[in-house]
Number of protein chains: 2
Amino acid sequence: MRKSKDLPARPRRAPEIMPEALGTVEGNVRAVDRALALLDAFREEDGPLPLADLARRSGLHLTTALRLLGTLESHGFVTRLPAGGYVLGATLLLLGERFRRSLRLDDHVRPALERLRGESGESATFFVRDGDRRRCLFRLESPHPVRDFARVGEMQPLGIGGHGRALLALDPPPGERPRLPIISRGERLQDVAAIAAPVLGAEGVVAGSIGLTLPLYRFDAAAERLCTTLVMQEALAVTAALGGDPAPIAALA
Amino acid sequence: MRKSKDLPARPRRAPEIMPEALGTVEGNVRAVDRALALLDAFREEDGPLPLADLARRSGLHLTTALRLLGTLESHGFVTRLPAGGYVLGATLLLLGERFRRSLRLDDHVRPALERLRGESGESATFFVRDGDRRRCLFRLESPHPVRDFARVGEMQPLGIGGHGRALLALDPPPGERPRLPIISRGERLQDVAAIAAPVLGAEGVVAGSIGLTLPLYRFDAAAERLCTTLVMQEALAVTAALGGDPAPIAALA
DNA sequence: GCGGGTCTTTCCGCAGCATGGAAGTGTGTT
DNA sequence: AACACACTTCCATGCTGCGGAAAGACCCGC
């Protein structure tokens, strides 16, 4: 028995992946794929979307979109307005919070961000690595009328920008030795400065990156001194709170 | 043609709804229903869940759960940990924020909550009506070590508790005339006080309810005076900011 | 080491389900 | 009125998701 062992190694799945007219990935349940595509069709700023728009955006037949939306609605993933049109549903808020909570960062990160913003008056943000990018997990807006923009949940590139470099700072390319906190001036976004430092978790891996962002014109020598101090202080504090070892961070200060 | 018109009116769908062993609602796409049930299977505090647990909780066959989770994963709705087990995925955070943003309340409600908490030192919360219940949309935690609990996204009953009554205060039962803000002492939760007032949107309908909650033992006469003032002030301010008419609220002060 | 347990994954034939065309209803516009 | 458009219902078809079976992976305790 265990004949499969004797057979020559064979690809796990049919290798002839056809060119795929639609975005349906091999091995996925089509109906679910399409339903999730409908959720993705809600882009940033649009209000209620009519059925026809949603069907068009997701490339689905009207009938199909209607049926899927009905199912999504019965679970609270979308809401159908009496006036007509669909919006995202409240269940997403619940699950989104549940996701964030499952990372167990709220308790320590949120207060740290509040201290940062409180003492600097600038926007405070926390990113985590997500694959080969980074994702904004927490964000407190500066009270200033002029400020940069970023949204919770958003993805940004790794390796560039204050947080983008901070997340990699503890595994630098050979020969380099970054200084913490990372200071970026107009690096990813023009006219925006960022001061960021990595945070270590209990397992010794980088848990995320904490920092401040502000318009470049406000980032004078005094602001730099203040932000540098504050960010390092909180990076060390959060690391300690998470049970991590502050030494690798302090070593690069 | 159109023979159906000549037939006697018949129920739109087969009326013999079978007892439904599973929770699959009539007229829904089964595969999607099940996939969403899997997401719901992630309850509050549990860490990574193995496939078998998820299948059990949602009443699905192992094979089915595996397939659906694969699809969910490819859209970032769940993440499979290298160590084994599934957790909710980051896409939910994005969509959850997008949902909240679609209500267009952030800009005015969040700063108001910050002022409330700043001046009172207690937890500030904003609820909206959701069907015949209410849902916590925003929440800022008090810095006090002793405080009540509530989570963003959570549902609570209408008609009871400070916010539960505030949401109904402008459509009172005949003969009653509630006073604003609503003050609740240990009404829904023992030992918790709540001070809440409704907020009106541009259409003249109740947009939500804003208020403070604190442990009852801290709610003395001085605290009551302060909280009452603050909550009314912010309820009026947010109403004005949303383009609503403050008069109905002020009239009940 | 062996054997029993649980969890995970692949494979595959069948049935039932999701699919999309067609036609119906309804609302607003010319 | 006639049209255009958005939404909804109905239904036959054939494809797709289903779950049984079995193999693999890994953990135990003996």
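By convention in this document, chain letters (A, B, ...) are assigned in the order of the sequence lines, proteins followed by strands, and residues within each chain are numbered from 1.
Rounded to whole angstrom, the span from the CG atom of L68(A) across to the C1' atom of dT8(D) amounts to 15 Å. Between the CZ atom of R56(B) and the C1' atom of dT8(C) there is a distance of 13 Å, rounded to whole Å. Between the NE2 atom of H61(B) and the P atom of dT10(C) there is a distance of 14 Å, given to the nearest Å. If you measure from atom CG of L60(A) to atom P of dT8(D), you get 16 Å, rounded to the nearest angstrom. Computed from coordinates, the L62(A) CG to dC10(D) C1' distance equals 16 Å when rounded to whole Å. When rounded to the nearest whole Å, the span between CG of L69(B) and P of dG19(D) equals 14 Å. Atom-to-atom, CZ of R67(B) to C1' of dA18(C) comes out at 14 Å; the value is rounded to the nearest Å. Across the protein-nucleic acid pair, R30(A) atom CZ and dC15(D) atom P stand 10 Å apart, rounded to whole Å.
Shown for residues 85-92 of chain B: no residue has heavy atoms falling under 4.0 angstrom of DNA chain C.
Closest to the side chain of L66(A), from the set dT8(D), dT8(C), dC18(D), is dT8(D). Of the listed nucleotides (dC11(C), dT8(C), dC10(D)), dT8(C) has the atom at the smallest distance from the side chain of L51(B). Of the candidate nucleotides dA22(C), dT8(C), dG19(D), dG19(D) has the atom nearest to the side chain of T64(B). Which of dG19(D), dT19(C), dT8(C) sits closest to the side chain of R80(B) comes down to dT8(C). Residue P50(A) has its side chain nearest to dC7(D) when only dA18(C), dT8(C), dC7(D) are considered.
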Starting at the 5' end of DNA chain C, write a dot or bracket for each base, bracketing those in Watson-Crick or G-U wobble pairs whose two distances are under 3.5 Å and using | for partners on another strand. ||..||||||||||||||||||||||||||
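Residues H75(A) and N28(B) have side chains that never bring a donor and an acceptor to within less than 3.5 angstrom of each other.
Between R34(B) and the phosphate of dG19(D), there is a side-chain N or O to OP1/OP2 separation shorter than 4.0 Å.
Along DNA chain D, the nucleotide nearest to L49(A) and the one nearest to V32(A) differ in position, and the one closer to the 5' end is contacted by L49(A). Each of A31(A) and D53(A) was matched to the nucleotide of DNA chain D holding its nearest heavy atom; the match closer to the 5' end belongs to D53(A).
To the nearest 0.5 Å, atoms CZ (R56(B)) and CG (L62(B)) are separated by 8.0 Å.
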